[in-house]
K.L.:
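Before anything else, here's the structure in question.
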Amino acid sequence: QVQLVESGGGLVQAGESLTLSCAASGRTFSGYVMGWFRQAPGKEREFVAAISWSGSRTNYADSVKGRFTISKDIAKNTVYLQMNSLKLEDTAVYYCAVRGGSYFYTQPSEYDYWGQGTQVTVSS
């Protein structure tokens, strides 16, 4: 089992920044991908960003490219999502997830373990 705990969500104004953290513990994979997803009310969960276990490869949804940065601290088993220039449409519950392997899937169903989510609300 893998436990994922997100933190860092909150209420910010449009244009401001926020950094989310996801701490992983438990079973470790020899290789894995960690991803961030989000789900707004009434919408399906969507891919935001992903990072390889080494941190050398990343992938972003077009909607956040250039504004969000995913990174990780291997020693702390923690993944971060730096969110800049936040927009109203970024409001959602943000989840981190992990899957074994090295392929960057963007479908939530491809990920094995999930955190409980953290709310991000962007106001005007």
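Source: prediction; values computed, not measured.
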K.L.:
Taking all non-hydrogen atoms of both residues, which atom of Tyr111 and which atom of Ala50 are closest, and how far apart?
P.N.:
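Closest pair (atom of Tyr111, atom of Ala50, distance): OH-CB, 4.1 Å.
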
K.L.:
Hey, does Arg38 have a side-chain heavy atom less than 4.5 Å from the side chain of Ser63?
P.N.:
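The answer is yes, as the side chains (C-beta and beyond) meet within the 4.5 Å cut-off.
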
K.L.:
Please determine whether the number of non-hydrogen atoms from other residues, nucleotides or ligands lying under 6.0 Å from atom CD of Glu44 exceeds 12.
P.N.:
no

K.L.:
Where the side chain of Thr78 meets the backbone of Lys76, is there a donor-acceptor pair that is under 3.5 Å apart?
P.N.:
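Checked: pair present.
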
K.L.:
In plain terms, say whether Lys65 and Asp62 are close enough for a salt bridge, that is, a side-chain N and a carboxylate O under 4.0 Å apart.
P.N.:
yes

K.L.:
Does Val48 reach the side chain of Ile70, with side-chain heavy atoms less than 4.5 Å apart?
P.N.:
no

K.L.:
Roughly how far apart are Ser124 OG and Leu88 CG, rounded to 0.5 Å?
P.N.:
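With rounding to 0.5 Å, OG (Ser124) is 5.5 Å from CG (Leu88).
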
K.L.:
Is the shortest heavy-atom distance from the side chain of Thr91 to the side chain of Gln119 under 4.5 Å?
P.N.:
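The answer is yes; the side chains approach within 4.5 Å.
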
K.L.:
Looking at every heavy atom in both Ser17 and Gln82, which two are closest together, and how far apart are they?
P.N.:
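Smallest heavy-atom distance, with atoms named: CB-NE2, 3.8 Å.
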
K.L.:
Would a single hydrophobic cluster contain both Tyr103 and Trp36, if residues Ile, Leu, Val, Met, Phe, Trp and Tyr are joined by side-chain heavy-atom contacts under 4.5 Å?
P.N.:
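Each belongs to a different hydrophobic cluster.
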
K.L.:
Taking the side chain as every heavy atom from C-beta outward, state whether Met83 and Tyr94 have any atom pair closer than 4.5 Å.
P.N.:
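Yes, side chains in contact.
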
K.L.:
Does a side-chain heavy-atom distance below 4.5 Å link Leu86 with Phe68?
P.N.:
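In contact.
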
K.L.:
Could you state the interatomic distance from OH (Tyr113) to CE (Met34), rounded to the nearest 0.5 Å?
P.N.:
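Tyr113 atom OH to Met34 atom CE measures 12.5 Å (nearest 0.5 Å).
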
K.L.:
Roughly how far, to the nearest 0.5 Å, is CD of Glu16 from CG of Asn84?
P.N.:
11.5 Å

K.L.:
Answer yes or no: is there a side-chain heavy-atom contact under 4.5 Å between Arg57 and Ser102?
P.N.:
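Yes, side chains in contact.
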
K.L.:
Which distance, rounded to the nearest 0.5 Å, do you find between the OH of Tyr32 and the CZ of Arg99?
P.N.:
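Rounded to the nearest 0.5 Å, the OH-CZ separation comes out at 13.5 Å.
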
K.L.:
Which atom names give the shortest non-hydrogen contact between Val98 and Val2, and what distance separates them?
P.N.:
CG1-CG1, 4.0 Å

K.L.:
State, yes or no, whether a side-chain contact exists between Tyr60 and Thr69 at a heavy-atom distance under 4.5 Å.
P.N.:
yes

